[in-house]
There are 2 protein chains.
Amino acid sequence: MTRHAAPPARPHAAVGTRERIVRTTSRLMQRQGYEGTGIKQISREADVALSSVYHFFPGGKQELATEAVRHADREFADILHEALAGEDDPAEAIIACTGTLGVHLRGSDWFDGCPITATALETAGRAPDIQQAVAEAFEHWRGIVADKLRQSDIDQDDVLELAHTVINTLEGAELAAQVSRSDEPLRIAGRHLARLINSYRRTETADATTHG
Amino acid sequence: MTRHAAPPARPHAAVGTRERIVRTTSRLMQRQGYEGTGIKQISREADVALSSVYHFFPGGKQELATEAVRHADREFADILHEALAGEDDPAEAIIACTGTLGVHLRGSDWFDGCPITATALETAGRAPDIQQAVAEAFEHWRGIVADKLRQSDIDQDDVLELAHTVINTLEGAELAAQVSRSDEPLRIAGRHLARLINSYRRTETADATTHG
DNA sequence: CTCTGGGTAGAACGTTCGTTCCAGACGCGT
DNA sequence: ACGCGTCTGGAACGAACGTTCTACCCAGAG
């Protein structure tokens with residue numbers, strides 16, 4: 001069976017088995033972390049045979065988790081890219097981004113925060129493959145933010161460091177939003193990040209929407 | 001037995017049994033999260049009988065985790081308070097704070113990040129007691145930062161929101177530092193937070209150490 | 001048709017999980 | 001010396017963990 005095209009006559013799978021495993025794993029690990037997610041739960045919720053999981057991922061849970069992190073990487077990158085593309089001004093784009101994250105978070109009853117943070121913390125220093133995939137995801141996301149910042153008149157030397165803090169603050173604000181079940185941390189983060197970004201512009205752009 | 005005073009003639013415990021359980025739990029959950037930490041591992045590493053754990057914490061793992069989060073709250077608050085007290089200027093104090101966190105992190109081979117983040121994410125939305133303790137810890141830490149910020153000429157209306165972003169950015173930077181095994185995210189966060197804080201001052205204080 | 005190989009169903013492995021139970025050891029007031 | 005409440009040692013519970021294994025189904029190639 002070719003895996004490129006969608007198999008036409010499958011009973012209940014609009015998407016291939018392997019992909020369904022990865023998506024389910026990614027979603028479950030987003031909500032309950034690496035240790036809290038079992039292989040049998042994955043096979044159950046993905047409606048896939050347990051043996052199929054080990055067929056596609058002979059490396060077991062670690063290999064599957066690594067692939068799930070990479071999937072979450074691409075998925076979150078799309079969200080980020082789309083949210084940032086909605087505004088021309090980088091500072092406004094970041095604010096729009098926090099808004100999008102807030103909507104996602106609230107819409108999932110405050111469950112769906114950053115898809116890899118829990119897994120990252122649990123496996124840091126003890127599962128190099130996963131840690132590597134997490135590091136690449138963060139770098140990927142920073143790159144997307146940096147690309148947006150480069151569209152304005154910010155010194156190139158400042159862009160990369162700003163991208164660091166933008167991603168890190170978004171991470172922290174999402175965590176706080178989940179814990180407090182409120183999108184206020186995200187809104188505050190958006191305003192402060194916008195102010196910080198504007199402070200690095202060469203030409204002063206006093207913007208009414210990013211005051212105090 | 002009174003629990004207020006330390007029992008003098010205990011065989012091998014410089015600190016009481018209950019306290020030793022809590023400390024061990026806190027340290028283990030900091031490194032491997034809630035799901036990754038087992039009760040039997042706790043009793044083993046704390047050198048305490050398994051039945052003693054359930055004697056002191058009849059509520060089981062959840063009650064123990066809640067107490068461990070509260071312990072970590074106090075411990076991290078002490079670190080925060082001490083680090084901030086070393087500098088008069090609030091912006092400089094935050095930078096000193098990121099330095100302290102970086103030293104702690106590097107000294108533990110990048111294992112000891114924020115003591116409650118992993119637990120917070122794993123239990124968000126499914127263990128209200130733990131989530132509540134986490135929320136109180138964050139609020140506590142924000143209060144400490146806010147107290148420091150109030151010592152300068154920042155508008156009172158801005159202090160609370162700034163404290164939000166300071167804590168959130170520190171959280172995100174610690175995560176990034178753990179994943180990348182480098183204290184650069186923390187140093188960047190320190191500089192950006194200092195710049196953000198200074199931007200909220202009524203009197204301009206051009207400071208050579210917090211430039212671009 | 002047979003042959004082949006990717007995918008599946010399901011049982012089973014040993015280990016660990018959180019939790020419960022009880023008999024016994026200890027300190028202390030009487 | 002006694003009784004009592006506090007704490008501990010150790011076994012045991014059912015359930016779930018990650019993983020392995022074999023038999024089997026079934027589409028496509030020859």
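The chains referred to below are lettered A, B, ... by the order of the sequence lines, with proteins before strands, and numbering in each begins at 1. Everything quoted here is computed from the prediction, not taken from an experiment.
Put simply, CZ on A:Phe57 is 14 Å from C1' on C:dG7, counting in whole angstrom units. The CG-P distance, from A:Leu64 to D:dC17, rounds to 14 Å in whole Å. Taking atom CG of A:Leu50 as the reference point, atom P of D:dA16 lies 15 Å away to the nearest angstrom. As rounded to whole Å, 16 Å separates atom P of C:dC21 from atom NE2 of B:His55. In this structure, B:Gln41 atom CD and D:dC17 atom C1' are separated by 15 Å, rounded to whole Å. Per the geometry, NZ belonging to B:Lys61 stands 13 Å off C1' belonging to D:dA16, to the nearest Å. As a whole-Å value, the separation of A:Gln32 CD from D:dA16 P is 14 Å. The distance from atom OH of B:Tyr54 to atom C1' of D:dG10 is 15 Å, rounded to the nearest whole Å.
Side chains of A:Glu174 and A:Gln178: no donor on one and acceptor on the other come within 3.5 Å. With 3.5 Å as the limit, one finds a donor-acceptor pair spanning the side chains of B:Thr165 and A:His192.
Each of A:Leu101, A:Val103, A:Ile95, A:Thr100 was evaluated against A:Leu186; a single residue qualifies, A:Leu101, per the side chain to side chain contact (heavy atoms under 4.5 Å, CB included) test.
Within 4.0 Å (heavy atoms only), B:Ser43 reaches no atom of the nucleic acid at all.
Of the candidates C:dG7, D:dT19, D:dC7, the closest approach to any side-chain atom of A:Ser52 belongs to C:dG7.
Applying the 4.0 Å criterion to OP1 and OP2 of C:dA11, one finds that A:Ser51 has every side-chain N and O outside that range. Contact between the side-chain N/O atoms of B:Thr17 and the OP1/OP2 oxygens of D:dT8 is found at a separation under 4.0 Å.
A salt bridge does not link A:Glu184 to A:Arg187: none of the charged nitrogens lies less than 4.0 Å from a carboxylate oxygen.
Each of A:Arg44 and A:Pro58 lies near DNA chain D, and the nucleotide nearest A:Arg44 is the one positioned closer to the 5' end. Of the two residues near DNA chain C, B:Tyr34 and A:Lys40, the one whose nearest nucleotide lies more 5' is A:Lys40.
A:Gln131 places a side-chain N or O within 3.5 Å of a backbone atom of A:Gly125 that can act as its donor or acceptor partner.
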